Amino acid sequence: MTAAPSRAVRLFGTDEPVTSARTLTAGPLSAELDAGNLRYIRLGGTELLRAVSVIVRDRNWGTYSPEIETLKVDEGADGFTVSYVATCRDDEQELRYTASIAGASDGTLRFAAEGEAITHFVTNRTGFTILHGVEGISGAQVEVLHVDGGVERSTFPSLIEPAQPFKDIRALTHEALPGVRVVCTMEGDAFEMEDQRNWSDASYKTYVRPLALPWPYTIHAGERFSQSVTLSVEGALPAAAAAMVAVRVTIGGAAGTMPWVGLGIDPQHAAAAFEVADLIRRAGPQSLVCHFDPRAGHGAAAMAAFKALGAATGAELVLEAVVPCVEARDGAVVPTASDAIMKADIATIAAAAAEAGAAFSAVTVSPAADLKSTQPDGDWPATPPPEDLYAAARAAFPGAAVGGGTLSYFTELNRKRPPAGALDFVTHTTCPIIHACDDGSVMESLESLPSIVRSTAAFVGDTPYRVGPSAIGMRANPYGASYMANPENRRVAMARMDPRQRGLLGAAWTLGYAAHMARGGVAAVALSAPVGEFGIVHVRLAYRQPWFDDAGGVYPVYHVIAGMAAAADATMLETTSSAGRDVQCVACRTAAGVTLWLANLVGEPREVDLAGLSGPGRLCLMDEDSFQRCVAGADGFDATAQDIAIGRIALKPYAVARIDGARSAP
């Protein structure tokens, strides 16, 4: 008999310990100390800053996890202090810095770092980053003090800016509460701001070293640096934060239609997916988004595998095709805008589909060069005019809807916006672990999705909009050579394999993602994959999958995908959560009444009060207690059903709940 999984595996898919944050308080000021950095800096419970951190990145934008020594924390009635020494190193290089933090009951906070490169240290960024959140900040007024002493009065961008909204920053001032202004002053280098919602981070990030300067750059052995961030408050201080109350979820009237749901599939996992095709069929996705890249050797065999999987699962096939668009020049292979080469490349892709007899309801095409990121003010590589590319795809795949935009992330779509009028739909994907990989940051990424949807709609107009395939793990790295290796099932930024895909956290994140996209009115959302790094069903792979390699079964996310797919085309009902960062929800009308989904997005229990529903209901609950029953198979979640009275629901950490059969309140 297989032993029961650990609580960590149930929640996170891995036994890697969770780094616990420590809350520091000084009167109404509070902050969480997490791995040497500060998060959720609040005054009277209102967030002033999302984070202040010393960040050290390598040449591929991978983030070091510092080794912290001599950590000392002192707390008193009027303030707190923190000090430590941190080392960032790998097999090739090493850097060390000393940090000091001081917070006072008058709202003042100072974080300073002094460091030295022990060896020559190649980095894309080393220094402070400051995050302003999105809620209450987007569109709000901000005063920017520049390095030259000039003052700019502006607003935090409402729609997502593809370029840096502010440069040469010395201080930022905004109103956090009525009559309370927060001044954030940065010393030691030139700072600038980027709109991190581009990467589905829920923040505006002010960071050290302008991107216009060359990177990677080298901090030479023995070279020192010194930086600081100071926070001060102007105005009457509020009282300390009130205790947490229950989250209120309200269900209203009709608010659109639930989107179609798809799964992504790569050729290397198609055979394994075929082996569990019955489980995929029972999950009921409307489409399989089939990735095809001739540069990786994909050909007719890959197309045949897609065809077989589509037939076995009943899902429509959507082709996601990379068009190489390269030529040999001066002894090198370089991107080209050649119309003839582009048409020949698309003809080769279409010929592979024809040879296999694979038919696609839709085709998305992208030049290979556009898969890599280019700075907003940089020169994009040579590619054919997009209108010509899309016309060639229509000619090669008659009858198929033609999509464009990017196979990379919203960042690349926002920087290179397609001619939407030439397309049947616009698409992009997202990844929540580009900049950070802790559990809180992954869940915070959901807060950025309404901005992403709204910003995309602003430049695509009425053109239908599809998103994905998206998952927690990274499909590809537009910003470096490749994604990061993760052989030990850890939380690793920019890793393809993220173990939380297998845990309750992955299911809760996926439900939150689907809920935001449904409310945003997207036509279709693709999430996860049948098997593999982004899978919903377990199969043995080259890497270890704790507990599941012995027990098998489906992952918790399977039931979220199945539920969202079953709801496709149903009438969606308006839903609001009084604490959307903690609890997300989505509801639709069915023949049996109202179906409501809830997800606890935090690692603590939450109580949820329901409003707008009446009558009894039927509750299915997926949490750490019902985990084994849920992952045993396709019927595991439904097996948890119990009759309930509509009222308060208790959700354990990262729990997902479904309530069926209730009625809209009169």
Side-chain angles (χ1 to χ4, degrees), residues 11 40 42 44-47 135-136 239-256 258 440 443-444 446-447 449-450 504-505 507-516 518-519 556 559-560 563-564 567 570-590 592-626 630 637 640-666:
L11 295 183
Y40 309 120
R42 298 183 174 103
T46 297
E47 185 175 287
E135 185 177 351
M244 177 70 185
V245 296
V247 177
R248 185 175 179 84
V249 167
T250 304
I251 296 87
M258 294 289 288
M443 288 307 195
E444 284 173 14
L446 299 174
E447 298 173 45
L449 299 181
L504 289 166
L505 186 150
W509 180 87
T510 301
L511 181 64
Y513 197 106
H516 279 300
R519 283 194 292 270
H559 301 295
V560 174
M564 294 300 99
T571 298
M572 183 176 64
L573 301 178
E574 181 182 4
T575 53
T576 57
S577 170
S578 65
R581 187 183 300 176
D582 291 4
V583 174
Q584 270 301 315
C585 48
V586 65
C588 64
R589 188 171 290 134
T590 69
V594 173
T595 292
L596 169 67
W597 288 80
L598 301 167
N600 182 1
L601 306 181
V602 297
E604 300 172 352
R606 286 291 181 265
E607 301 282 330
V608 180
D609 287 337
L610 302 179
L613 290 182
S614 64
R618 189 89 169 147
L619 171 69
C620 293
L621 184 62
M622 183 163 53
D623 61 16
E624 57 192 271
D625 294 334
S626 62
C630 290
F637 185 43
T640 68
Q642 56 181 300
D643 293 327
I644 62 164
I646 299 300
R648 176 168 289 193
I649 304 294
L651 297 178
K652 292 190 173 183
Y654 307 116
V656 171
R658 188 187 78 219
I659 299 172
D660 297 312
R663 300 187 305 276
S664 295

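In what follows, residues are counted from 1 in the order of the sequence shown. Being a predicted model, the structure only gives us computed values, none of them experimental.
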Take atom CD in Glu135; do more than 12 heavy atoms of anything else shown fall under 6.0 Å from it?
no
Starting at OG of Ser664, measure out to CG of Leu613 and round the result to the nearest 0.5 Å.
6.5 Å
If every non-hydrogen atom of Ser577 is compared with every non-hydrogen atom of Cys585, which pair is closest and at what distance?
CB-SG, 4.2 Å
Using side chain to side chain contact (heavy atoms under 4.5 Å, CB included), reason through Glu607 and Val247 one step at a time and then give a plain yes or no.
CA-CA 6 Å; Glu607 301 282 330; Val247 177; over 6 Å; no
Is there a donor-acceptor contact under 3.5 Å from the side chain of Asn600 to the main chain of Lys652?
yes
If every non-hydrogen atom of Ala255 is compared with every non-hydrogen atom of Glu574, which pair is closest and at what distance?
CB-N, 3.7 Å
Determine the sole option in Glu624, Met622, Glu604, Met443 for which the side-chain contact (heavy atoms from CB on, under 4.5 Å) test with Tyr654 is passed.
Met443
Are Thr575 and Arg519 linked by a side-chain donor-acceptor pair shorter than 3.5 Å?
yes
Would you name the heavy atoms of Ser578 and Ala246 that are closest together and state the gap between them?
OG-O, 4.4 Å
Residue set satisfying ring pair (Phe, Tyr, Trp, His ring centres under 6.0 Å) with Phe637, at least two apart, ordered chain then number -> His559, Trp597
For Arg618, is the CZ atom crowded, meaning more than 12 foreign heavy atoms sit under 6.0 Å from it?
yes
Write down the atom of Met258, the atom of Cys588, and the distance for their closest heavy-atom approach.
CG-CB, 4.0 Å
Any Gln584 side-chain heavy atom under 4.5 Å of Leu601 side chain
yes
Here's a test for you: under side-chain contact (heavy atoms from CB on, under 4.5 Å), which of Val656, Leu651, Ile644, Ile649 qualifies with Leu621?
Leu651
Check whether any side-chain heavy atom of Leu619 lies under 4.5 Å from a side-chain heavy atom of Asp643, and answer yes or no.
no
At their closest point, which heavy atom of Thr571 faces which heavy atom of Ala254, and how far apart are they?
CG2-CB, 3.8 Å
Any heavy-atom pair between the side chains of Met564 and Val586 that's under 4.5 Å?
yes
Scanning both residues in full, the closest heavy-atom pair of Arg663 with Val594 reads C-CG2, 4.3 Å
Got Ile659 and Ile646 here, is their nearest side-chain heavy-atom distance under 4.5 Å?
yes
One should read off an interatomic distance between Tyr513 OH and Leu446 CG, to the nearest 0.5 angstrom, of 9.0 Å
Could Glu444 and Arg581 be called an ion pair, given the rule that one side-chain N must be under 4.0 Å from one carboxylate O?
no
Carefully, step by step, assess Leu598 and Leu610 under the rule side chain to side chain contact (heavy atoms under 4.5 Å, CB included).
CA-CA 10 Å; Leu598 301 167; Leu610 302 179; 4.3 Å; yes
Salt bridge check: are Asp609 and Arg648 linked by an N-O gap of less than 4.0 Å?
yes
Using side-chain heavy atoms (C-beta onward) and a distance below 4.5 Å, is Leu573 in contact with Leu596?
no
Side-chain heavy-atom pair Leu11, Leu505 within 4.5 angstrom cut-off:
no
